[in-house]
Trainee: 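Supplied in structure tokens, the structure appears directly below.
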There are 2 protein chains.
Amino acid sequence: MAGSTILLVEDEKNLRKLIRTYLEREMINVVEAADGKEALELWEEEKYDLVILDVMLPEYDGWTVCKRIRQNSHIPIIMLTARSEEDDKLFGFDLGVDDYVTKPFSVKELIARVKALLKRSNHQLMIEVIEVGELKVDKKMHQAFLHDEPLDLTPKEYDLLLVFLHNQNQALTREIILDRVWGYDYYGDLRTVDTHVKRLRKKLKHMGKQIVTVRGLGYRFEVTN
Amino acid sequence: MAGSTILLVEDEKNLRKLIRTYLEREMINVVEAADGKEALELWEEEKYDLVILDVMLPEYDGWTVCKRIRQNSHIPIIMLTARSEEDDKLFGFDLGVDDYVTKPFSVKELIARVKALLKRSNHQLMIEVIEVGELKVDKKMHQAFLHDEPLDLTPKEYDLLLVFLHNQNQALTREIILDRVWGYDYYGDLRTVDTHVKRLRKKLKHMGKQIVTVRGLGYRFEVTN
DNA sequence: TATATAATGACACAGGATTGTCACATTTTT
DNA sequence: AAAAATGTGACAATCCTGTGTCATTATATA
């Protein structure tokens, strides 16, 4: 939390400085970028715990930067949107952003959301064993269990399962799944996801039903609390 | 969004008419003023959702009008500026201008910004869970619920429901609905909307009555607060 | 290194769900 | 009553997903 490093991408200097001041008051380190290009350069250079990203940016806009970051990281991203390009339809499909803050916003609110996300992701990383019903995954062991019986999953199946477990109850498009499991630079058939879902479902036995098909979109790992 | 009223202050008649045409295509009402004095008079008379304001105006210039409006309202203001000077913009941000469009501009861009600002003010799109009475939609899950029971909606039905929920109490023409759900480039029978409304109503059970027919126009999702 | 085994990605096909359209019924307006 | 607009059921075309299979690639084993 304190001691985290944030990449702050915002072209308006005064706003950037203001946010920086507030963040530093929370003992959070801030690296600033004034445009999309700079943001991506800084992104490659160092590791960050969270990104605050303005949508309207010179060079590359926020969506582009976001997409690029999402190609190899699940780091929390907060978008500062003044204009919402997404229409009704598109919005639900954009699953990469963790939170939105709409301009004009109170900096206090933004900071609150930053803290919430940092806490959450910190928490996520700590978790070494994920358990859902009879299903258990020990990340350190790199092994899944069903009824405490080791499950014989292939690497892709394991990765796929983890993506589902990390995004419980979230509808994921095939694109997103392909990105997360195969990597951003993978160029292949979307339907391949289907095949792997089929195989994973089979191995998960009755738990396979938790992987719900979201028709016209993709899949969702459903857990009933 | 649709149904909003905009005060358009621009002295050049042709440009004004052009902007008006585009805005009305979006179901936005337009009130025109040709100079600063008229603008302020109209401002006092009625309520608006947004103001488009040319900087160079007869009688009072745009800054004066802007200042005056800001004395009693936080309504979104878009300035049309001829110069794109940095200091001009900074000056404007002090006055509380929400967005700038620099002449010459494409009307489409202006419209996009208008829509963005209107959306921002009722930033419904950002909300991930929409709840109306017994009806609930979780956008991340991509799932609707009625009495907390999952609703089995087809993709089109889901999209249609979202459009209604994002435009509560707004009469929407079939054209608009077709645009939002099927995409602007879709070429098909307007009556198709009717069929899908029928199907959605049925699945929404008693809540189906909330989708009110606006004879001669289209439909409206009605909520009584 | 050669061989066997497993994993992977692509694809085609089947079956079912979804969709758009139309004709006709019903309602509302003139 | 006629005209106009909307509601509705039926149905064929289309879309989408599940699945089996196969060639290729990667990995493990001898």
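In what follows, every chain begins at residue 1, and chains take the letters A, B, ... in the order their sequences are listed.
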Trainee: Using atom types as modelled, flag every donor-acceptor pair under 3.5 Å from a side chain in residues 214-223 of chain B to any protein atom, sequence neighbours excluded.
Mentor:
from	atom 1	to	atom 2	distance (Å)
B:Tyr219	OH	B:Asp194	OD2	3.4
B:Arg220	NE	B:Glu222	OE1	3.1
B:Arg220	NH2	B:Glu222	OE1	2.4

Trainee: Would you list the pairs meeting salt bridge (Lys or Arg N to Asp or Glu O under 4.0 Å) in which at least one residue belongs to residues 148-168 of chain A, sequence neighbours left out?
Mentor: A:Lys136-A:Asp148, A:Glu157-A:Lys203

Trainee: B:Tyr186 near the nucleic acid: base, sugar-phosphate alone, or nothing, with a heavy-atom cut-off under 4.0 Å?
Mentor: sugar-phosphate

Trainee: Can you build the contact string for nucleotides 5-11 of chain D? Use B for base contact, S for sugar-phosphate-only contact, and - for no protein heavy atom under 4.0 Å.
Mentor: BBBBBB-

Trainee: Please identify which of these residues, B:Ile78, B:Val9, B:Leu80, meets the side chain to side chain contact (heavy atoms under 4.5 Å, CB included) condition with B:Leu53.
Mentor: B:Val9

Trainee: Please name all residues satisfying side-chain contact (heavy atoms from CB on, under 4.5 Å) with B:Lys37, sequence neighbours left out, ordered by chain then number.
Mentor: B:Asp35, B:Glu41, B:Glu59, B:Tyr60

Trainee: With nearest nucleotides of DNA chain C determined for B:Pro155 and A:Thr192 from heavy-atom distances, which residue corresponds to the more 5′ nucleotide?
Mentor: A:Thr192

Trainee: Which residues pass the side chain to side chain donor-acceptor pair (under 3.5 Å) test with B:Thr213, sequence neighbours left out?
Mentor: B:Arg201

Trainee: Residues two or more places apart in sequence or in another chain: which of them pass salt bridge (charged side-chain N to carboxylate O under 4.0 Å, His left out) with A:Lys198?
Mentor: none

Trainee: In whole angstroms, how far is the C1' atom of D:dT17 from the NZ atom of A:Lys209?
Mentor: 18 Å

Trainee: Could you give the angle between the helix axes at the two ends of the helix from C:dT1-D:dA30 to C:dT30-D:dA1, with five pairs per end, rounded to 10 degrees?
Mentor: 30°

Trainee: Using salt bridge (charged side-chain N to carboxylate O under 4.0 Å, His left out) as the criterion, list what pairs up with A:Glu134, not counting sequence neighbours.
Mentor: none

Trainee: How would you list, by chain and number, every residue that makes a side chain to side chain donor-acceptor pair (under 3.5 Å) with A:Lys140, sequence neighbours excluded?
Mentor: A:Glu128

Trainee: Among pairs that include at least one residue of residues 4-27 of chain B, which meet ring-ring contact (aromatic ring centres under 6.0 Å, His included), considering only residues two or more places apart or in two chains?
Mentor: none

Trainee: Go through DNA chain C in 5' to 3' direction and return only the first and the last nucleotide with some atom under 4.0 Å of chain A's heavy atoms.
Mentor: C:dA7 to C:dT18

Trainee: Whole angstrom is fine here: how far is it from CG in A:Asp189 over to C1' in D:dA23?
Mentor: 15 Å

Trainee: Could you work out, with side chain to side chain donor-acceptor pair (under 3.5 Å) as the rule, every residue matching A:Glu38, not counting sequence neighbours?
Mentor: none

